[in-house]
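Below: one structure, written as structure tokens.
Scope of the values below: all heavy atoms of this structure, side chains included, with no hydrogens, waters or symmetry mates.
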Amino acid sequence: MPGDHYLPSTPETVLWGRLPCETDAAVLTIAPGQTVTIDTVSHEGILEDQGKDPLAYFTGHGVEAASVLDDAIDIAATLSRDPAVDGPHVVTGPIRVQGALRGDLLKITVVRLDPRVPYGVISNRHGKGALVGELPRGEGNVSVFTPIASREAGLVGLLPVTEGGERVVEFPLAPFLGTMGVAVAGGDRPHSVPPGAHGGNIDINLLVVGAVLYLPVQVDGALAYVGDPHFAQGDGEVALTALEASLRATLQFDIVPQAEALREFGEVLGPLVRAGGFLVPTGLDPDLNAAMRNCVRAAIALIRARWGLDEHLAYAYLSAATDFDISQVVDIVCGVHARIRESDFEGVARG
């Protein structure tokens, strides 16, 4: 636990299916620049359609009882949600960052991500996913239990070729937190599924170790939270969930004051990522086409504010040199993110 603080996931420190709002009390208060090691809990294995009993669910897949998380068992036994109106995610927080003010940016740096279990689950449920009405073929949900193995190149997921078969497809893990956000203003807790300007369930798989997420602060203290841990996810997350599994995350929280944020990035209206040499603006909308357009607008605005390009030249650059990726199409609000190479602008004076 390398963080300055440790935050476990307990019935007292999590919300299930909802995100924090302005009136929620912080479960931890930290100073800017401090790090927090957070035990996150995946919702897979604790949901009602899986029996709401993670011990029975995972031991039924051959997991030893000692490898089923106590906090998952406690949360499932103690808390409840209404599946008709609440989301599935277990969200840990909120964390108050002293001095964070409306208009600032909260900067969250991913310092470390450690798997807490040697397995995960990938699910497809009726009414969700990219192929609604086609998959799953049968009644009820399909949850694919996926063990983890160690190889010379790193950890891999083992997906069976056929149900119950011994042959497997191996794919590399790239852990990240699907949900990272700040509290919204007012007294209504948002549903945990759709992302927004507050961040939340953005499911951007670039947020691996070393990546940074910037979020516009909406309430004093920011009231940050995290959840929806993944071991791996392809862009799109088409089946509904990716390889969902619990992580121990160490994150650093910093504040970018409003004036500095405007100089650096212009007006940031939603999640902004910095990862792997890219600046990554986002676009969100229930309509994927509209999400794409919103992402292009955000990318143009960022380039103009940061490097001073004329609008039509920023637009041309994006067409020639920037990849626009589908973050996910399964969270009610679709997401698109653009990867702008910062090295392309090394010779350009800041705007």
Side-chain angles (χ1 to χ4, degrees), residues 7-9 13-21 24 27-28 36-47 71-72 75 79 81 86-95 97 106-110 113 115-116 120-121 123 128 174-184 189-209 211-218 222-233 235 237 240-251 253 270-273 275 280 282 284 327-335 337:
L7 181 59
S9 288
T13 63
V14 305
L15 296 176
W16 190 5
R18 291 279 164 175
L19 304 178
C21 64
D24 282 310
V27 299
L28 176 68
V36 185
T37 296
I38 306 169
D39 280 344
T40 64
V41 174
S42 173
H43 56 279
E44 291 289 351
I46 72 170
L47 294 177
D71 42 7
I75 289 166
L79 301 183
R81 68 181 188 114
D86 297 325
H89 306 100
V90 176
V91 177
T92 307
I95 299 167
V97 183
L106 183 67
K107 177 184 177 184
I108 306 175
T109 303
V110 183
L113 295 169
R116 300 184 65 204
V121 177
S123 286
K128 303 291 184 181
F176 73 101
L177 294 170
T179 293
M180 302 170 73
V182 294
V184 299
R189 291 172 172 168
H191 193 283
S192 75
V193 171
H198 57 278
N201 186 33
I202 56 176
D203 281 332
I204 294 177
N205 61 15
L206 297 174
L207 287 166
V208 295
V209 170
V212 174
L213 175 64
Y214 299 92
L215 294 168
V217 174
Q218 302 188 22
L223 297 181
Y225 52 86
V226 298
D228 190 29
H230 295 69
F231 280 3
Q233 179 193 296
D235 282 334
E237 199 182 22
L240 176 61
T241 80
L243 181 52
E244 315 279 324
S246 300
L247 292 168
R248 172 169 285 174
T250 299
L251 308 173
F253 296 86
L272 173 67
V273 174
V280 185
T282 58
L284 299 167
S327 315
Q328 51 74 28
V329 295
V330 296
D331 293 335
I332 303 174
V333 171
C334 297
H337 58 270

Side chain to side chain, Val184 and Gln218, heavy atoms closer than 4.5 Å: yes

N/O donor-acceptor pair under 3.5 Å between His191 side chain and Gly87 backbone: yes

Verdict with supporting geometry, Val217 and Val97, side chain to side chain contact (heavy atoms under 4.5 Å, CB included): CA-CA 11 Å; Val217 174; Val97 183; over 6 Å; no

Heavy-atom closest contact (Ser246 atom, Phe231 atom, distance): O-CE1, 3.5 Å

Set of residues satisfying side-chain hydrogen bond (donor to acceptor under 3.5 Å, both in side chains) with respect to Gln328, sequence neighbours excluded: none

Close side-chain approach of Leu251 and Leu177, heavy atoms under 4.5 Å: yes

Heavy-atom pair of closest approach, residues Ile202 and Pro271: CG2-CG, 3.9 Å

Side-chain touch Val273/His337, heavy atoms, less than 4.5 angstrom: no

Intermediate values then yes/no, side chain to side chain contact (heavy atoms under 4.5 Å, CB included), Glu244 and Asp228: CA-CA 7 Å; Glu244 315 279 324; Asp228 190 29; 2.8 Å; yes

Residues forming a side-chain hydrogen bond (donor to acceptor under 3.5 Å, both in side chains) with Thr40, sequence neighbours excluded: none

Under 3.5 Å: donor-acceptor pair, side chain of Asp39, backbone of Pro8: no

Donor-acceptor contact below 3.5 Å, side chain Trp16 vs main chain Pro88: yes

Thr37 side chain to Thr250 side chain, donor-acceptor N/O pair below 3.5 angstrom: yes

Polar contact flag, side-chain donor to acceptor under 3.5 angstrom, Thr241-Ser123: no

Sole candidate of Ile38, Thr92, Leu19, Ile95 that passes side chain to side chain contact (heavy atoms under 4.5 Å, CB included) when paired with Tyr225: Leu19

From CA spacing to verdict: side chain to side chain contact (heavy atoms under 4.5 Å, CB included), Val226, Ile108: CA-CA 11 Å; Val226 298; Ile108 306 175; 5.6 Å; no

Non-hydrogen atoms of Ala275 and Leu206 that approach each other most closely: CB-O, 3.7 Å

Parallel, tilted or perpendicular: rings of His43 and His89 (30°, 60°): perpendicular

CD1-CD distance between Ile204 and Gln233, expressed to the nearest 0.5 angstrom: 9.5 Å

Leu28 side chain reached by Val36 side chain, heavy atoms, under 4.5 Å: yes

From Leu284 atom CG to Ser327 atom OG, the distance as rounded to the nearest 0.5 Å: 7.5 Å

Residue pairs passing the salt bridge (Lys or Arg N to Asp or Glu O under 4.0 Å) test where at least one lies in residues 193-208, sequence neighbours excluded: none

Distance-minimising heavy-atom pair for Ile46 and Ile75: CD1-CG2, 4.4 Å

Least distance between heavy atoms, Ala232 atom then Ala242 atom: O-CB, 3.1 Å

Asp331 side chain near Pro195 side chain, heavy-atom distance below 4.5 Å: yes

Side chain to side chain contact (heavy atoms under 4.5 Å, CB included) between Leu47 and Arg81, intermediate numbers included: CA-CA 10 Å; Leu47 294 177; Arg81 68 181 188 114; 3.6 Å; yes

Salt bridge present between Asp24 and Arg18 (N-O < 4.0 angstrom): no

Which atom of Val27 lies closest to which atom of Thr13, heavy atoms considered: CG1-CA, 4.0 Å

